[in-house]
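One structure is given here, and the rest of the page talks about it.
The model shown is predicted, which means the values in this text are computed figures rather than measured ones. To find a chain, count down the sequence lines: A is the first, B the second, and so on, and within it residues start at 1.
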Protein chains: 2
Amino acid sequence: MDMEKEPAAPLGVRERKRRETLRRITDAGMGLFIAKGYEETTLDEIAAKAGISRRTFFYYFKSKDDILLSLQNSMGEMIVEAIRAAPPGQPPLHAIRDAVLRICAPIPADDMIIIDRLMRSSETVQARKQAAYIQHEKAVFAALRERWPEPADETKLRLIAMMAIGAVRLASDTLNREGGRRPYAELLREAFDMLEKGI
Amino acid sequence: MDMEKEPAAPLGVRERKRRETLRRITDAGMGLFIAKGYEETTLDEIAAKAGISRRTFFYYFKSKDDILLSLQNSMGEMIVEAIRAAPPGQPPLHAIRDAVLRICAPIPADDMIIIDRLMRSSETVQARKQAAYIQHEKAVFAALRERWPEPADETKLRLIAMMAIGAVRLASDTLNREGGRRPYAELLREAFDMLEKGI
DNA sequence: TTGAAAATTACACTGAGTGTAATAATATTA
DNA sequence: TAATATTATTACACTCAGTGTAATTTTCAA
């Protein structure tokens, strides 16, 4: 049993190319954004540098913004995933805390700071980033409710989701404000500690 | 003393026309949005209906989105204003609660529901709306810190701002989900009560 | 090998938003 | 009141993001 998902799956030409192209687009985009600014970079330039046609770009991304937002969003999904798989018998806030720390801590601070700076340079990207936090909050709440289904606690879970994502926001804000002096993991732990004392 | 700001200020032709034009644009926009949908309405149509040129529209609004977002943003400013003017000697959460209730409760539920539905029809507007909540949170925190300047409470105030805006979000979500069955004021009061019990 | 599904492209189009420079309306000051 | 400074409005031309469509190529599966 269990002989279908080794790490060395063949993966197929299609999927391999797909990932390769995705990476090329992201690299081209980030490179240009850093070199000449987000707004100043056009999709034509990104497509040219990635070696694809302008139209193909939209086969991989819904919009120019999505290049910057994909990291943010994939992290949200991973956190939700981790909550679903959390070991039982612990308070929900701990489960989120562990999930967040495990997933967010390894992100290189330099990358975060660069992306954050770029996001700030476009109002709509910045708005989408903050909107993503609220989406994460909703997703986390839904995951929590699956995992701790006592209906009496609904409101409590909603608050917990709010606070947890709030902690992530706070830590990320501080990281960027401090320019990466202290590591993300430390800031996250600090933010969650404050929450637990606050409650 | 104090004889400069009667309500019956002359107002001048310019300012009167300005407000009139602003209103005409908003009315034209909302009317068209409701009639044929947000994305389906072009700026040319709005400008034509408002009796101005396309270019003049951008003299009054930064973008098409702003027609829908102006209500949201002005409410945020009013709440901050009210916190700054809050009577002393009461806990900050009460001050916000009162401010929010006083300012948000009178908004007609039908208007809110219509605007909310329109906002949902555009991803970027929806994102900007949620981003606006986070901006309000920051503004409320800043106002609270001015008003309750004990530095030891900073984190507490940050949490309070988070929870208060969270309550507004929750109430607004519920109002729209319920289609306006219960009045906004009641939902807001309920949300704030839950917060106080949660703390 | 062949036929279906997915990926890539060219082309043409819409519509939001900006830069510029000229003109008209209002305010201000002498 | 006349001259002058601000502010409002407009036309025009332009860039660029994003979409629709239909044709072509590449991969996959039977």
Side-chain angles (χ1 to χ4, degrees), chain A residues 4 9-26 28-30 32-33 35-70 118-119 121-129, chain B residues 9-26 28-30 32-33 35-70 118-119 121-128:
Chain A
E4 293 271 54
L11 217 353
V13 179
R14 205 167 255 175
E15 187 60 18
R16 214 171 54 242
K17 277 197 177 178
R18 176 173 187 78
R19 294 187 190 184
E20 170 63 14
T21 307
L22 210 58
R23 202 193 47 72
R24 278 217 317 283
I25 296 174
T26 317
M30 291 301 294
L32 288 166
F33 294 162
K36 48 182 293 195
Y38 178 79
E39 310 262 25
E40 290 73 20
T41 301
T42 76
L43 285 180
D44 287 289
E45 293 170 314
I46 296 171
K49 190 168 179 189
I52 57 171
S53 77
R54 214 176 84 81
R55 199 67 185 76
T56 299
F57 171 86
F58 288 104
Y59 190 78
Y60 283 87
F61 288 91
K62 261 189 66 191
S63 72
K64 186 178 159 188
D65 301 354
D66 284 25
I67 299 177
L68 285 176
L69 292 165
S70 54
L118 287 173
M119 283 176 152
S121 72
S122 155
E123 235 189 282
T124 73
V125 175
Q126 182 67 10
R128 282 189 126 105
K129 178 204 172 135
Chain B
L11 220 339
V13 180
R14 203 165 256 175
E15 186 62 17
R16 213 171 55 242
K17 276 196 177 176
R18 175 172 188 79
R19 296 188 190 184
E20 169 63 15
T21 307
L22 210 59
R23 200 193 48 69
R24 277 215 318 282
I25 296 174
T26 317
M30 291 301 293
L32 288 166
F33 294 161
K36 49 182 294 195
Y38 178 78
E39 311 261 23
E40 291 72 22
T41 302
T42 76
L43 285 179
D44 287 290
E45 293 171 313
I46 297 172
K49 191 167 177 189
I52 57 171
S53 77
R54 212 176 84 82
R55 199 66 184 77
T56 299
F57 171 86
F58 289 104
Y59 191 78
Y60 284 86
F61 288 91
K62 262 189 65 190
S63 73
K64 188 178 159 190
D65 301 353
D66 285 26
I67 299 176
L68 285 176
L69 292 165
S70 54
L118 287 173
M119 283 177 152
S121 71
S122 155
E123 233 187 285
T124 73
V125 175
Q126 182 67 9
R128 281 188 126 105

Please identify which of these residues, A/V125, A/L118, A/I46, meets the side-chain contact (heavy atoms from CB on, under 4.5 Å) condition with A/I67.
A/I46
Mind listing the residues from residues 35-49 of chain B sitting with a heavy atom below 4.0 Å of DNA chain D? Number order is fine.
none
Pick the nucleotide of DNA chain D nearest each of A/E15 and A/D65; which residue has the one closer to the 5' end?
A/D65
Quick check: do B/D65 and A/T124 have side-chain heavy atoms less than 4.5 Å from each other?
no
Should B/M119 and B/L69 count as side-chain neighbours, where that means a heavy-atom distance under 4.5 Å?
yes
Is there a salt bridge (Lys or Arg N to Asp or Glu O under 4.0 Å) between A/K17 and A/E20? Walk through the geometry before answering.
CA-CA 5 Å; A/K17 277 197 177 178; A/E20 170 63 14; over 6 Å; no
Reading 5' to 3' and counting Watson-Crick or G-U wobble pairs with both distances under 3.5 Å, write the dot-bracket notation for DNA chain C, | for bases paired outside the strand.
||||||||||||||||||||||||||||||
Rounded to whole Å, the CD-P distance (A/E123 to D/dA17) equals 17 Å
Does B/A50 offer a backbone N or O that forms a donor-acceptor pair with the side chain of B/R24 under 3.5 Å?
yes
From C/dA27, C/dA16, D/dG18, nucleotide with atom closest to B/V13 side chain:
C/dA27
Integer-rounded Å distance: C/dT18 C1' and B/F57 CZ:
14 Å
Of all residues at least two apart in sequence or in a different chain, which pass the salt bridge (charged side-chain N to carboxylate O under 4.0 Å, His left out) check with A/E39?
none
Which nucleotides of nucleotides 7-12 of chain C have their base under 4.0 Å from a protein heavy atom (B), which only their sugar-phosphate (S), and which neither (-), written as one string 5' to 3'?
BBBBB-
Using whole Å, what does the distance between atom P of nucleotide D/dT19 and atom NZ of A/K64 come to?
15 Å
Mark yes or no for whether A/K129, through its side chain, and A/L68, through its backbone, hold a donor-acceptor pair below 3.5 Å.
no
Applying ring pair (Phe, Tyr, Trp, His ring centres under 6.0 Å), which residue pairs with at least one partner in residues 35-57 of chain A are found, sequence neighbours left out?
A/F33-A/Y38, A/F57-A/F61
Which residues share a side-chain contact (heavy atoms from CB on, under 4.5 Å) with B/E15, sequence neighbours left out:
B/L11, B/R18, B/R19
Considering all heavy atoms, the nearest B/K64-B/T41 contact:
NZ-O, 2.8 Å
Take the protein atom CD of B/E20 and the nucleotide atom C1' of D/dT7, then report the distance between them rounded to whole Å.
18 Å
Looking only at heavy atoms, which two atoms of A/E40 and A/K36 are closest? And how far apart?
CB-O, 3.1 Å
